[in-house]
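Accompanying notes for the structure given below.
As the structure is a prediction and not an experimental result, all values here were calculated from the model. Each chain gets a letter, A, B and so on, in the order the sequences are listed, and its residues count up from 1.
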Amino acid sequence: MSSGPTTTTERYDPAAIEAKWQAVWDRERAFHAEPISRDGEAADVPARAEKAYVLEMLPYPSGEAHMGHVKNYTMGDVVAHHRRRSGAVVFHPMGYDAFGLPAENAAIRTGEPPGEVTRRNIARIREQLKRLGFSIDWDTEIATCEPDYYHWTQWLFLRFFERGLAERREAAVNWCPVDQTVLANEQVIDGHCERCGSPVELRQLAQWFLRITDYAERLLDDMELLEDWPERVLTMQRNWIGRSEGARVMFRTEDGEHAIPVFTTRPDTLFGATFFLLAPEHPLVERLVAGRPESAAVLDYVSAAAREGAAERGDTDHPKTGVFTGRYVVNPVNGEEIPVWVADYVLMDYGTGAIMAVPGHDERDLAFARAHGLPVLRVVAPEGVDAEAPIDEAEPGEGTLVNSGFIDGMPVDEAKRAVAAWLEERGQGEATVGYRLRDWLISRQRYWGCPIPVVHCENDCGIVAVPDDELPVLLPEVDDYAPRGRSPLAANEEWVRTTCPRCGGPGRRETDTMDTFVDSSWYFLRYTAPHLQAASWERPVVDYWLPVDQYIGGVEHAILHLLYARFFVKVLSDLGLVGFSEPFRRLFTQGMITAAGAKMSKSRGNVVAPDEIVDRLGADTLRLYVLFMGPAADDAEWSDRGVEGQRRFLDRVWRLVVGLGGPGMVERPTLDAVAGDPAAAALMRRTEATIAKVTEDIGRRFSFHTAISAIQELVNEATRGVGEGAYGGETGERAL
RNA sequence: GGGGGUGUGGCGGAACGGCAGACGCGGCGGUCUCAAACACCGCUGACCGCAAGGUCGUGUGGGUUCGAGUCCCACCACCCCCACCA
């Protein structure tokens, strides 16, 4: 705020200064950067100008901007200013992640359409962001709930659909009984709905999935391409993808009719498999027991498992229950018949939904064997342990193979390879890689989301894409937004009933909407063409700006949003729609601002409203304080006294500058000019050192609080010297 | 159970192998005021000392180094992520 003409007043008056400059920035569109794609204009892409795409995660417009937003956007703003002053062309856009449950729940409570609630909230947040003085390019503003935007969300969905990367299939999915919708695996925390906390149920439903598992390997490998991401986030993504090497092994039923594959990370222990387990949801269960005396007991067990909550069933302490099917499968390596049980600790959506149980070397299998009187066999013996030594507790299996036919005496690693090769030769299995990552379940039975643009043909065409030239499929008007176990869209019969785009016969529109994480998986691309009607974006422009040079947001998105966005960009890259395969070159994850030791929330009553602080102390004070609170990556506790301390600092800066003759009056002196004045020369050296430190702290270290400290030291020193010295000068705090 | 991270004054934290505690909050003292609050100026790790000064000090125990808050090993405590994942 220290540049340009301004009235020199005796007291620092942030309200007047800030309002004045915000008006100037607005009038001059001060932070607009080209190129941006526009209809009917060829994009003019600079050949070589240094660019910086600085991006903060877009806000969800649930009500007001909160302190977390202030911290997030202040950091981004500092980086943006810093890059501008280092000579880069800076792109710093803003938008709103505007579909989703909170607006819809408000609509259900008040009857007001979610679009109106959302647009009002957006206007409110925009006003707050402007008051905070962020250097945002307001020309690029987007909201994911507007048809202009979701037109292209639908268009992108159809590109996935054409490639078989979006598919509707039946699966056991997580159902939230309160929100009355299915949830992505990533939105279930400890068996509870991430949003409302109610226990999640497993339901067998036909749902839309994006095949993110096809990209599991690349999502892992391409982490190499990321320049600077927090190790923590990379680790979290690695764990989430959960790559494990192992083998797929075929077990045939004793009558030879069915071949049931299993996945195991320990093919070397195959000779120790003494029984075989199916998940209750396994599609073969019903057929295997049909017409058998065990049938009733098995089907009872299956339906009991279905009624069980995911949290309960997922609990490690859950007893190892199960029921015998009366059937057997043949172990391919030794021809032995082993009994088939159904057990709810086997998960349908990991591996193949069936496992070979090796109780000698797996804790869970051993617990099951003990509970049901099944045999336990040692097949791995550590050094000095006898092959016949009894198993007391499941052993991880370091050592050499015993009781294991052709692999006897081999060390574990060699045995793994030998078994995989043996199986492969005989067509009964092969070495393979398993992932923990599940496909991304994107359908939601809720109103306020992007409609999935397909038609269910009532003749024989199946699921048919809505043609591109009929997009967007507009979200229909409905009377009742409340979820009733099916999408509220289904209630608008007039909208649902349509014609099949392929055969012209009767058809019904898909009534599920998309997970809002789909919307936010590509918004950073749309900023390059925010108003373009003819396309989602243009290759030259998107390739100029992307990848994002610095992305900043909350660590709570370490898996969900950041994994989905990486997946999206890889698909778009494969489709030739973009020329890069990672969206975010550098990532910074910020810590939370807490109050009274807890996350700020209305229900706790510990919210500190940014507006109040701006009213009382000014936007610059607030911005300074949120950065000064501590390392930006850490959580930090709000302190009213602390923020006042930053105001005192700005008062001191003001007095210093006014004392020197006011802003614009101070020239940066040359070395010659201070040659005869040791105090001034010392202060000047100090100033240069401060500039170097601030540059380093902001540019490389993301250490804003130490940058501010350095400036405070300088100001303290200059204040002490102002009586006799002639130098105050530029301190670098313009970047703040 | 697996993985990642963090331990420094009354508090937030600084110190990227070289004077530990910068900067800020709080506290104490002073100036201003009839007075208080605000503001401003100064002091503020602990212990001993009237002082000059000294001793101790970065979770615990070892090690490497001329030199360790920082590097290595073990332990203790706390935080985060994942977790019946075969």
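- Separation of the C1' atoms belonging to B:G17 and B:G69 is 11 Å when rounded to the nearest angstrom.
- Residues A:T687 and A:L714 meet the side-chain proximity criterion, which asks for heavy atoms closer than 4.5 Å.
- A:R232 comes within 4.0 angstrom of the backbone, heavy atoms only, and of no base.
- Spacing of P atoms, B:G10 relative to B:A22, comes out at 14 Å, to the nearest Å.
- Checking A:G242 against A:E696, the closest nucleotide of RNA chain B that is more toward the 5' end is the one next to A:E696.
- On the P atoms, B:G59 is 16 Å away from B:A20, given to the nearest whole Å.
- A:E186 and A:I559 make their closest contact through CG-CG2, 4.3 Å (heavy atoms, listed as atom of the first residue, atom of the second, distance).
- Here the range on RNA chain B touched by chain A, meaning any atom under 4.0 Å from one of its heavy atoms, is B:G3 to B:A86.
- Looking at heavy-atom distances under 4.0 Å, A:R647 makes no contact with the nucleic acid at all.
- Panel note: side chain A:N606, backbone A:A595; a donor-acceptor pair is recorded below 3.5 Å.
- A pairwise comparison of heavy atoms in A:R218 and A:R566 identifies O-NH2, 4.3 Å as the closest pair.
- In RNA chain B, runs of at least 3 stacked Watson-Crick or G-U pairs (N1-N3 plus N6-O4 or O6-N4, or N1-O2 plus O6-N3, all under 3.5 Å) give these stems: B:1-7 with B:76-82, B:10-12 with B:23-25, B:26-31 with B:39-44, B:45-48 with B:53-56, B:59-63 with B:71-75.
- Nucleotides of RNA chain B nearest to A:V346 and A:W240 differ in position, and the one nearer the 5' end is that of A:W240.
- Counting only heavy atoms from C-beta outward, the side chains of A:L270 and A:N331 approach each other to under 4.5 Å.
- Using a 4.0 Å heavy-atom distance criterion, A:R243 is classed as making no nucleic acid contact.
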